[in-house]
Amino acid sequence: MKVRVLGCSGAIAKGCRTTSFLLDHDVLVDAGTGVGDLTLEEMRGIDHVLLTHSHLDHVAALPLMVDAIASQRTAPIQIHALQGTIDALRAHIFNNTIWPDFSRIPTPEAPFVSFHSLAVGQTLLLAGKYIEVLPAVHTVPAVGYAVATGAGCWVFTGDTERNPALWARINQLNVAMLVIETAFSNRERDLAKRSLHLSPHALASELDCIDKGKNYPIYITHTKPAETDLIMAEIQRFDQTAPFGPNVTHDIRWLRAGQEFEL
Ligand SMILES: [Zn+2]
Ligand SMILES: [Zn+2]
């Protein structure tokens, strides 16, 4: 499976696009501003959109993408999310005020988009991919995803604070690559806690939940652009500071928009 990083920033600025991943050519995970880098033809090929939650940095490009391509498609774009996320999209975006209700346009029988609710713990089979819905701890209903590939699972936490249920499940999986958020620096850790995001301090104790002996690559995502350098510096100091002892190291890397992974 090919994973293309369209956006992995916690906010916008020149060169910073918000969360979105393209899996092969037909499954989109989140629809942040990174979607704007796709060509019309690439957007037309997307049959399924999986959303982690309703926050704008994860859905901002969805209504615009649907508008750009839907009339050129023969089947609805299927949007998969928690029912709470779907309810929020219907009430606040596809509400005929902010944007047309494309689940009823051009006709309710053959709309441009269809909504499909999912639940934590469920495994979906979409476009030939097995996708497990993982728990997340955030200020609105939220999930992460584990997608089975030939090399193991591609795991994306979505936006989350400390999440014991996630580690209980991840430790049972053969993980090929973990993408985990760290939105704020330690300086902003109170804000991180209030907004249910991770800071490097919280990330350290989260990574301590990984079963010993497992050493898959861990990619940091969703850093706020104004704090990215600081967050990276704080994470790079992990090796010398608690809770990791000198014998515990993790393979921590930085996610960047434009990266492609073959799993
Ligand atoms: Zn969020
Ligand atoms: Zn976010």
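Atoms within a ligand are numbered from 1 in the order they appear, just like the ligands themselves. What you see is a predicted model; the values in this text were computed from it and never measured. All values below come from the heavy atoms of this structure, side chains included, with hydrogens, waters and symmetry mates left out.
One N or O on the side chain of Gln122 and one on the backbone of Ala119 form a donor-acceptor pair closer than 3.5 Å. Looking only at distances, a side-chain donor or acceptor of Glu42 sits under 3.5 Å from a matching main-chain atom of Thr39.
The closest side-chain donor-acceptor pair between His116 and Ser114 falls under 3.5 angstrom.
Looking only at its N/O/S atoms, Asp57 has OD2 as the one nearest to the Zn ion (ligand 2). Restricting His222 to its N/O/S atoms, the shortest distance to the Zn ion (ligand 2) is reached by NE2. In terms of distance to the Zn ion (ligand 2), the nearest N, O or S atom of Asp159 is named OD2.
Note: His55 and His138 have perpendicular aromatic rings, judged against thresholds of 30 and 60 degrees for the angle between ring planes.
The Zn ion (ligand 2) has no N, O or S atom of His55 under 2.8 Å away, backbone or side chain.
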Open item on the list: For Phe21 and Trp154: C-alpha separation, side-chain torsions, deciding distance, then whether ring pair (Phe, Tyr, Trp, His ring centres under 6.0 Å) applies.
Closed with: CA-CA 11 Å; Phe21 301 91; Trp154 177 77; 5.1 Å; yes
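Remark: at the Zn ion (ligand 1), atom NE2 from His138 and atom NE2 from His53 enclose 100°, rounded to the nearest 10 degrees.
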